[in-house]
Every structure is written in structure tokens, then in C-alpha cells.
Amino acid sequence: MNMRIGFGFDTHRLVEGRPLVLGGITIPHPTGLLGHSDADALLHAICDALLGAANLRDIGFHFPDTDPRYKGIDSRKLLAGTVKLLHDKGYAVGNIDCTIVAEAPKLNPHVPAMQAVIAPLLQVDEDCVSIKATRNEGMDAIGNQEGMKVYAVALIYKRAQ
Ligand code: MG
């Protein structure tokens, strides 16, 4: 079979004193995502969707958060590394579709900038990078702005030899 799909999920806590890095861009907001890397939950979910599609384990397997090399790392490098793993296994990215669950800030105005960052990393057209955002309607920890969640699916295909 030449096409495969994968699913990814990530969540990070929101805290004061961290920049909000999401989709490879920094968004003005009083709180930011907490993590060993820049905590870019969108890029992490995309990495896991791609790795899952290629059956290449997960982001923590390749880039463990116990490794000091990845402390504070720009997650665009993790996504580039993930795409390299796919290419090495003979796959190219088809398209991705993501949903960010965040109570605030409003993310839709930032989607074009995220697509402009992510598409070249995946080596696809921006039209192949779908990013959606929704609120959690005030419910539970996400609705209370204590964190964000991201879901992503990816389609990959075997490259011609
Ligand atoms: Mg993460």
C-alpha cells in the first residue's frame, strides 16, 4: 500500500513567564506552554501523526525530554528531524489536518503564519496544512486556560524509487 495515515496528540500546561510558541510562531499572550523543549504542542502533535503514519514510534522515542540536547529546543527542528526520518524510510508527506483546543487567545488570525512555517518543513504546499482551532467552552482544565491540547492526523505516501 502506498498511502498510510497517522494520528497524533499532545498537551502542555500553560504557565506565566513562558512565551506562547505554537505552530512554530510566537503569539502574544500572558501565559505560555511549559515543557522541556519550546513546548510547541501543535508541532509535537504533527510529529507524532507523521511518525505514527510511518510506524516510527513517537516523538519521545526519538527526542527524549530527558536528553539535555533537547532542552529549550525549537520544535521546528524536531519536525524537520521527523520529516527526515520519514524520507529515510521512503515516505513523503501528503497532507495534515490539526485541531487545537484552547480557550484563549483567538488562534484563527495566526493560522496563515503557522501554515507558512509548517508547509516548508513538511515540504508540501500550504494548502496541504490544515489548522483548526476550537474552544473548550469553559469546561475542565483546558476551558480554565490551564493548558492546551492538539490533535493531528497525517497522510503520507511512498515515494517513487
Ligand atoms: Mg509535547
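In this structure, the side chain of Asp38 engages the main chain of Ser75 through a donor-acceptor pair within 3.5 Å. The main-chain N or O of Gly60 is found under 3.5 Å from a side-chain atom of Asp58 such that the two form a donor-acceptor pair. For Asp48 (side chain) and Ile59 (main-chain N/O), a donor-acceptor pair under 3.5 Å exists by modelled atom type.
Judged as a side-chain hydrogen bond (donor to acceptor under 3.5 Å, both in side chains), and not counting sequence neighbours, Asn2 has no contacts. Partners of Thr134 by side-chain hydrogen bond (donor to acceptor under 3.5 Å, both in side chains), not counting sequence neighbours: none found. Not counting sequence neighbours, the partners of Asp67 by the side-chain contact (heavy atoms from CB on, under 4.5 Å) test are Pro64, Arg69, Tyr70. Checked against side-chain contact (heavy atoms from CB on, under 4.5 Å), Arg4 has the following partners two or more places apart in sequence or in another chain: Met1, Asn55, Tyr91, Ile156. Considering only residues two or more places apart in sequence or on other chains, Ala92 meets the side-chain contact (heavy atoms from CB on, under 4.5 Å) condition with Tyr157, Arg159. Take Arg18 and apply the side-chain hydrogen bond (donor to acceptor under 3.5 Å, both in side chains) test, not counting sequence neighbours, and it matches no residue.
Residues Val150 and Val21 do not share a hydrophobic cluster, defined by chaining ILVMFWY side chains whose heavy atoms lie under 4.5 Å apart. In the hydrophobic cluster analysis, where Ile, Leu, Val, Met, Phe, Trp and Tyr join through side-chain heavy atoms closer than 4.5 angstrom, Leu79 is grouped together with Ile27. Taken together through direct or relayed side-chain contacts under 4.5 Å among Ile, Leu, Val, Met, Phe, Trp and Tyr, Met114 and Ile46 form part of one hydrophobic cluster. Under the 4.5 Å side-chain contact rule for hydrophobic residues, Ile25 and Leu22 share a cluster.
The hydrophobic cluster containing Val15 also includes Leu34, under a criterion of side-chain heavy atoms closer than 4.5 Å among ILVMFWY residues, counted directly or through chains of members. Taking a 4.5 Å side-chain heavy-atom cut-off between Ile, Leu, Val, Met, Phe, Trp and Tyr, the cluster of Tyr151 extends to Phe7, Phe9, Val101, Ile142, Val153.
A heavy-atom distance below 4.5 Å is found between the side chains of His62 and Leu51. Contact check for Gln145 versus Thr31: no side-chain heavy atoms found under the 4.5 Å cut-off. Residues Leu33 and Asp40 have side chains not in contact (no heavy-atom distance under 4.5 Å, counting atoms from C-beta outward).
Pairs of residues two or more places apart, or lying in two chains, that qualify as side chain to side chain donor-acceptor pair (under 3.5 Å) and include a residue from residues 98-111 are Thr99-Lys132, Glu103-Arg135. For residues 29-51, the pairs satisfying ring pair (Phe, Tyr, Trp, His ring centres under 6.0 Å) are His12-His44, with sequence neighbours left out. Listed by first and then second residue, the salt bridge (Lys or Arg N to Asp or Glu O under 4.0 Å) pairs involving residues 79-96 are Lys84-Asp88 (not counting sequence neighbours).
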Please table the atom pairs, donor to acceptor, closer than 3.5 Å between any side-chain atom in residues 115-128 and protein atoms at least two apart or in another chain.
from: Gln115; atom 1: NE2; to: Val129; atom 2: O; distance (Å): 2.8

After noting the C-alpha distance and the side-chain angles of Asn144 and Asp140, does the key distance pass the side-chain hydrogen bond (donor to acceptor under 3.5 Å, both in side chains) rule? CA-CA 6 Å; Asn144 205 26; Asp140 66 39; over 6 Å; no

Could you check Asp97 against Ser130 for side-chain hydrogen bond (donor to acceptor under 3.5 Å, both in side chains), going step by step and ending with a plain yes or no? CA-CA 5 Å; Asp97 182 27; Ser130 161; 2.6 Å; yes

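Contact between Met148 and Ala104 at its shortest, heavy atoms only, is CE-O, 3.6 Å.
Of the inter-residue distances, the one linking Ser37 atom OG with Ile73 atom CD1 reads 8.0 Å to the nearest 0.5 angstrom. For the atom pair CG (Leu43) and CZ (Arg76), the distance works out to 8.5 Å, reported to the nearest 0.5 Å.
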